[in-house]
2 protein chains.
Amino acid sequence: MKTTLHYVQDHLSLLRFLGKWFLLILPVALLSGTTSAFFLWALDEVTQLRWQHGWLLYGLPLIGVLILWLYQKGGKNAERGNNLLIDEIHQPGGGVPGRMAPLVLLTSLLTHLFGGSAGREGTAVQMGGSIAGVLGRQLRLSEADLRILLMSGIAAGFGAIFGTPLAGAVFALEVLTIGKLRYQALIPCLMASILGDITCAAWGIHHIHYQVAFSHTAIPTFSVPNGWLLTKVALAGALFGLAALVFSELTHGLQRLYKTYLPSTYLRPIIGGVLLIGLVWLVGTRDYLGLGVVSQQPNGISILNAFHSGGITPWSWFWKLLFTAITLSSGFKGGEVTPLFFIGACLGNLLAGWFNAPVDLFAALGFIAIFAGASNTPLASTLMGLELFGSDNLIFFAIACFVAYFFSGHTSIYSAQRLGVTKS
Amino acid sequence: MKTTLHYVQDHLSLLRFLGKWFLLILPVALLSGTTSAFFLWALDEVTQLRWQHGWLLYGLPLIGVLILWLYQKGGKNAERGNNLLIDEIHQPGGGVPGRMAPLVLLTSLLTHLFGGSAGREGTAVQMGGSIAGVLGRQLRLSEADLRILLMSGIAAGFGAIFGTPLAGAVFALEVLTIGKLRYQALIPCLMASILGDITCAAWGIHHIHYQVAFSHTAIPTFSVPNGWLLTKVALAGALFGLAALVFSELTHGLQRLYKTYLPSTYLRPIIGGVLLIGLVWLVGTRDYLGLGVVSQQPNGISILNAFHSGGITPWSWFWKLLFTAITLSSGFKGGEVTPLFFIGACLGNLLAGWFNAPVDLFAALGFIAIFAGASNTPLASTLMGLELFGSDNLIFFAIACFVAYFFSGHTSIYSAQRLGVTKS
């Protein structure tokens, strides 16, 4: 039987754990939140510049060469990005280099300035991870502690960049292994993502608010409309999962094609850049370049406009998928998640028409579910839905994310992700 | 490299998995939702009866003897309740007996009719698990499949009894092992809890709505009020976790005391019943008997009244804790969760006064966080908060539940729960 002394000892050890991690995480979260805030501000600036100076797009192939050169000259293993972080958490090896942060920041801004179709979470997560890696090395942390600190860096970056601290914390736990979650880093990751988000907000950064007017709460649980809507949401979830699979496999497939048929690496960004310029000419719009949260023209194609009917075209999801797969497989930087939101929201908009379902709800479902499928993080994606769109459609968010996770099969945008538990 | 054929094979296997589990889960969810609906209806009836006939309380010691006799005569290992379910999922052994369902239903209703302080989720979860166990045996499922079906039974019962399908699904995954989550049963559990909830609603069951008017969304992320409130919520979370620890250890400690000093098992419910009668006399109210969601008098002490200031007394949390620990350790049936909601909401109400914080918010935090700490299910508890109270205070729910989980240490209301990952 436990004595009071045991409880006191147990809880002193819990308090030591808390105190230690608060002190370790504070600098990581402050720096990570600050760099994320700077990145978001700069991203806005370069996007404005790109809109004002249309000719910048034609520099994309050369800028791709510059990005590649920067990583080859000074990057060590930093080019592996998120995959390096995941590997180092599973099995600490050479460490996460400090140069990863400035490199990914600079190259992501260059990608966006010249019109690559990329995201922002890769940048934020790699900056957070890089800061954590440097601090961990300076303090000569043990392997176990370094793991937790790296995860906290991911959480801080993710929480700050999207303004979604809970999704950030759970993402850092969930992204490592398909089908498994361990709680060691639960509290450190939550502290990191909350502090990262607060720090980012302290610099005056605001996140876009998406409006989903549809509310499930008005429909009785046992009713035909609810049964139908549940079925439609599950079907849509399966299609979001398949779209995630197509995106992951297309990106990896293009990378393999480059490697097999174009061993000269410098041809890779040149071809990628030229392909993107060709696609712009083919599709007749530049709305698929860059981040895509908002478009240059108010009625252009963007994530925001995917939330109302008529805001986008039936093939918008496919074009964004193609633009982004080419951009990222050619070595441009930024990340996959915001483009996935774009693809998912547009696909949701399309499916809402097919299924005679609410457009705003289905755009929101696609937004989070394709991310759930592509990154195999169904819980973090559901929580992100709650943080961005509120809880009125909670159960639909969960169904769409869980089903998309299921139907993306054993594919992933992160090739370093381990398979913990098979899906069927 | 994967060929198209591989993807088709992969996805055919996913579809087979889905189809198989839909067919297996449908009867479990329908039966589980129906028995839960009957139980909730009957619980209301016996509570009304107890309120009308005050003398019933004096039958409590004898009814305790009857409950014990029923389990000893016909219960096999069913008396182990939730712990048996957890053990059978970890390591299929003798199986979950079919008699567990009628036994726990009858004895829970007797407990509530005669004034024991107990919950309802134990009953629902054991009925769901028992139904799943019988079906699994009839169909001669493999051990791996039986595990998933038992988890689905838990999810269906939990989702139906509280009207919180997402919390039900995640609870079934999270409750098995402290600090670890595996996703094999993710989709089956979600199907089961949604279908269980719909079935329960089909029988006309309504769940009480709690109102939390306070909304975090109005406070800027980077502001002094937000910083203070985050700190207060984290502190309260730690205290909720300690209260969960006290509850678990007191209940287990009383069980050990009985075993050591009163080897005659029939003395156990008699002493327990007499103690409860004495406590009613001592405290001067019967509000701590039964479920406690609402009280006999509109202004009595209840979960609902803990959501506004002045609704309860400063020691209400302690009395409910004592009443419940005595009830459950003496062999009465029903479950721990609703009494935990009561204890947590009352403690939250008290702490709101101490911390000068919103009463409704802190009652809601206590409601879910003490449950998170006592059952080591921080994600399910956070999701339950969202399903019951909306997402306006999402990040506070997560902080309170995660911190309470952390501070309950390595204690649990479920002695069969495995320790997967230590908390510090």
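Keep in mind it's a predicted model, so treat the numbers as computed, not measured. The sequence lines fix the lettering, A, B, ..., with proteins before strands; numbering per chain opens at 1.
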Only pairs at least two apart or in different chains count here, so list each ring pair (Phe, Tyr, Trp, His ring centres under 6.0 Å) that has a residue in residues 169-202 of chain B.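 Of all non-adjacent pairs touching residues 169-202 of chain B, those that pass ring pair (Phe, Tyr, Trp, His ring centres under 6.0 Å) are Tyr405(A)-Tyr183(B), Phe158(B)-Phe171(B), Phe171(B)-Phe371(B).
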
Going by side-chain contact (heavy atoms from CB on, under 4.5 Å), name the residues that satisfy it together with Leu254(A), two or more places apart in sequence or in a different chain.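 Applying side-chain contact (heavy atoms from CB on, under 4.5 Å) to Leu254(A) gives Leu250(A), Leu257(A), Ala325(A), Ile326(A), Ser329(A).
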
Could you go through Leu245(A) and His11(B), starting from their C-alpha distance and side-chain angles, then the distance that decides it, and tell me whether this counts as side chain to side chain contact (heavy atoms under 4.5 Å, CB included)? CA-CA 11 Å; Leu245(A) 179 154; His11(B) 278 76; 3.2 Å; yes

Check whether any side-chain heavy atom of [X] sits under 4.5 Å from a side-chain heavy atom of [Y], and report yes or no.
X: Ile194(B); Y: Ile399(A); value: yes
X: Leu173(B); Y: Leu181(A); value: no
X: Leu166(A); Y: Phe402(B); value: yes

Using the rule given for side chain to side chain contact (heavy atoms under 4.5 Å, CB included), can you reason through Leu383(A) versus Leu383(B), listing the C-alpha separation, both sets of side-chain angles and the distance that settles it, and then say yes or no? CA-CA 9 Å; Leu383(A) 292 170; Leu383(B) 293 170; 4.1 Å; yes

Between [X] and [Y], what is the shortest heavy-atom contact and its length?
X: Ser424(B); Y: Ser13(A); answer: OG-OG, 2.9 Å
X: Leu386(A); Y: Ser391(B); answer: O-OG, 4.1 Å
X: Pro165(A); Y: Ile395(B); answer: CG-CD1, 3.7 Å

Do you know which of [options] has the most heavy-atom pairs under 4.5 Å to chain B?
options: Pro378(A), Gly390(A), Gly204(A), Ala202(A); answer: Ala202(A)
options: Thr422(A), Asn226(A), Leu18(A); answer: Leu18(A)
options: Arg182(A), Lys423(A), Lys20(A), Arg16(A); answer: Arg182(A)
options: Phe222(A), Phe407(A), Trp203(A); answer: Phe222(A)

Those residues that, when tested against Thr221(A), pass side chain to side chain donor-acceptor pair (under 3.5 Å) (two or more places apart):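 Listed in chain order: nothing, the list is empty.
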
Select all residues of residues 230-243 of chain B having any heavy atom within less than 4.5 Å of some heavy atom of chain A, and report them by number, or 'none'.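 Hits under 4.5 Å: Leu230(B), Leu242(B).
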
Would you indicate whether Gln211(A), at its atom CD, is surrounded by more than 12 heavy atoms from other residues, nucleotides or ligands within a distance under 6.0 Å?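 No.
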
Hey, which of Leu379(B), Thr382(B), Asp10(B) has the most heavy atom pairs under 4.5 Å with chain A?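 Result: the option with the highest number of such pairs is Leu379(B).
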
Between Leu190(B) and Phe406(A), is a side chain to side chain contact (heavy atoms under 4.5 Å, CB included) present by the stated rule, with each step listed? CA-CA 12 Å; Leu190(B) 188 67; Phe406(A) 188 70; over 6 Å; no

Which bit of Ile198(A) comes within less than 4.5 Å of chain B, counting heavy atoms only: side chain, backbone, both or neither?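 Both backbone and side chain of Ile198(A) come within 4.5 Å of chain B.
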
